[in-house]
Amino acid sequence: MENSRFGAFLRSRRMDSFLSTSSEKRVVDNPNVSIKDESERRPKMDAFVDDDGWVPVIISWIRIVTCFVSMMLTTLIWALIMLVLIPWPYERIRQGNIYGHVTGRMLMWILGNPIKIEGAEYSNKRAIYISNHASPIDIFLIMWLTPTGTVGIAKKEIIWYPLFGQLYVLANHLRIDRSNPMAAIESTKKAAQAVVKNNLSLIIFPEGTRSKNGRLLPFKKGFVHLALQSGLPIVPVVLTGTHLAWRKGSLHVRPAPLTVKYLPPISTENWTLSKIDNYVNMLHNMYAENLPKSQRPLP
């Protein structure tokens, strides 16, 4: 319980006074604000100056190096914690989440992008969280905002990522073999069983890969299979602006405003295997409706 409270504190939106670079850098939902007021407060994705001058580039490089060094430090610290907790796999999951809360929030603070969070009341429920993926920043945001008691699913090759991959495995997160369809199906079944047995939540990128231009890619069916087998609701997490802040193949992080929007949970209790394509299309269309035009899939 103490770890859960600690993790919730680290994810708290009240951390602005502790870590935010400016009292106006990050805006959080207020349920008493009208829809009209909310739309006026919504960050405009083109509201920043895209400056490729040498000064912004140098600042960006300094921030990226600082992120890397900071992440290496926290990863080493939590790797030692994980090694001590080898006999207790569930506790390693919780510590992995706390590592994410600390490291993800720290990295976003270093990068300095203004962040707005909507629908945060849906962010601490036991569920399958899905998110679009267009930038490395998505990983930092998910690490920070994922509730304690959540496991991720990644390709098996993640173990070869220096330090981070080994910590991912130590934290008892799940891996699948995408190159072998039968093995992937079996891994999905085991993942669902582990989630149900240990009363966990799950986070997954349904596109299966990162978008090169920020536009939403087709969804794979794995997350629906997991929902059918676990009975958990699905909470869509819509990320906007991250592809502008850190573009694929670039080492220049721009000050683009970011939005993290949680949509209401979608019950899967009455879902059936015969309608799996309908569910995938429904979720994909829901994302398209909630993304800005520049991130929607091309017709």
Side-chain angles (χ1 to χ4, degrees), residues 8 11 13 28-29 31 35 38-39 42 97 116-134 138-139 141-154 173-174 176 184-185 187-209 211 215-240 242 258-292 295-297:
R11 295 171 56 244
R13 294 170 292 160
V28 180
D29 283 353
I35 295 176
E38 187 65 33
S39 64
R42 187 183 301 274
N97 294 146
K116 179 171 186 263
I117 298 179
E118 301 178 19
E121 63 270 23
Y122 308 125
S123 68
N124 203 29
K125 301 180 181 296
R126 184 167 174 258
I128 295 175
Y129 293 87
I130 63 174
S131 173
N132 55 311
H133 186 24
D138 303 336
I139 306 294
L141 288 170
I142 292 300
M143 287 169 60
W144 166 32
L145 297 171
T146 295
T148 302
T150 301
V151 290
I153 293 186
H173 289 296
L174 308 171
I176 59 173
I185 292 173
S187 297
T188 300
K189 289 181 181 179
K190 290 181 179 179
Q193 292 169 359
V195 166
V196 172
K197 179 181 178 180
N198 296 292
N199 203 33
L200 301 171
S201 291
L202 193 65
I203 178 69
I204 189 170
F205 295 116
E207 295 163 288
T209 189
S211 171
R215 291 192 180 275
L216 189 67
L217 299 175
F219 283 0
K220 299 186 182 300
K221 300 178 183 180
F223 75 101
V224 177
H225 283 291
L226 287 164
L228 288 169
Q229 294 169 23
S230 67
L232 289 175
I234 294 175
V235 176
V237 183
V238 183
L239 305 180
T240 58
T242 60
L258 314 176
T259 300
V260 180
K261 183 178 182 180
Y262 293 88
L263 301 184
I266 300 167
S267 175
T268 64
E269 288 183 3
N270 298 318
W271 283 17
T272 60
L273 187 60
S274 61
K275 296 182 179 180
I276 188 169
D277 289 332
N278 295 341
Y279 306 138
V280 173
N281 291 333
M282 177 189 71
L283 268 299
H284 193 267
N285 291 337
M286 189 178 296
Y287 265 85
E289 292 170 1
N290 283 275
L291 285 168
Q295 287 190 250
R296 294 172 187 168

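These figures come from a predicted structure and were not determined experimentally. Just the heavy atoms: all of them, side chains too, but no hydrogens, waters or symmetry mates, feed the values below.
With rounding to the nearest 0.5 angstrom, the CG atom of Asn281 is 13.5 Å from the NZ atom of Lys275. Separating the CG atom in Asn290 from the CZ atom in Arg296 is a distance of 9.0 Å, to the nearest 0.5 Å. Atom CG of Leu216 is separated from atom CG of Asn285 by 9.5 Å, given to the nearest 0.5 angstrom. Between atom CG of residue Leu202 and atom CG of residue Leu232 there is a gap of 8.0 Å, rounded to the nearest 0.5 Å. Rounding to the nearest 0.5 Å places CG of Leu228 at 6.0 Å from CD1 of Ile276. Between the CD atom in Gln229 and the CD atom in Gln193 there is a gap of 7.5 Å [rounded to 0.5 Å].
Listed for the Ser267 side chain is no donor-acceptor partner under 3.5 Å among the backbone atoms of Pro233. Between the Arg126 side chain and the Leu200 main chain, a donor and an acceptor come within less than 3.5 Å of each other. Of the possible donor and acceptor atoms, one in the side chain of Asn97 sits under 3.5 Å from a partner among the backbone N and O of Thr150. For Glu207 (side chain) and His133 (main-chain N/O), a donor-acceptor pair under 3.5 Å exists by modelled atom type. Counting only distance, with no hydrogens or angles, the side chain of Ser131 and the backbone of Phe205 share no donor-acceptor pair below 3.5 Å.
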List the steps and the verdict of side chain to side chain contact (heavy atoms under 4.5 Å, CB included) for Leu226 and Val195. CA-CA 9 Å; Leu226 287 164; Val195 166; over 6 Å; no
Apply side chain to side chain contact (heavy atoms under 4.5 Å, CB included) to residues Asp277 and Lys221 and explain how you reach the verdict. CA-CA 8 Å; Asp277 289 332; Lys221 300 178 183 180; 2.9 Å; yes
Hey, mind stepping through Leu239 and Leu258 against side chain to side chain contact (heavy atoms under 4.5 Å, CB included) and telling me if it holds? CA-CA 7 Å; Leu239 305 180; Leu258 314 176; over 6 Å; no
Working note: Asp138 + Thr242, criterion side-chain hydrogen bond (donor to acceptor under 3.5 Å, both in side chains); need CA distance, chi angles, decisive distance, verdict. CA-CA 7 Å; Asp138 303 336; Thr242 60; 2.7 Å; yes
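Residues Val151 and His173 come closest through the heavy atom pair CA-ND1, 3.2 Å. Pairing each heavy atom of Thr188 with each of Gly222, the nearest pair is CG2-O, 4.3 Å. Nearest heavy-atom pair, Ala191 versus Leu174, reported as atom, atom and distance to 0.1 Å: CB-CD1, 3.4 Å. Val237 approaches Tyr129 most closely through the heavy-atom pair CG2-CD2, 4.1 Å. Among all heavy-atom pairs drawn from Val235 and Ala127, the shortest one is CG2-CB, 3.6 Å.
Inter-residue side-chain proximity for Pro236 and Leu283 is flagged as met; some heavy-atom pair is nearer than 4.5 Å. In this structure the side chain of Ile117 reaches within 4.5 angstrom of the side chain of Leu145, judged on heavy atoms. Proximity of Thr240 to Gln295: side-chain heavy atoms (C-beta onward) are separated by under 4.5 Å at one or more points. Counting heavy atoms from C-beta on, the side chains of Tyr122 and Leu263 never come closer than 4.5 Å.
The only member of Ile142, Ile128, Ile130, Ile153 that meets side chain to side chain contact (heavy atoms under 4.5 Å, CB included) when paired with Ile203 is Ile142.
Ring geometry, Tyr279 versus Trp271: the interplanar angle falls under 30°, so the pair is classed parallel (tilted spans 30 to 60°).
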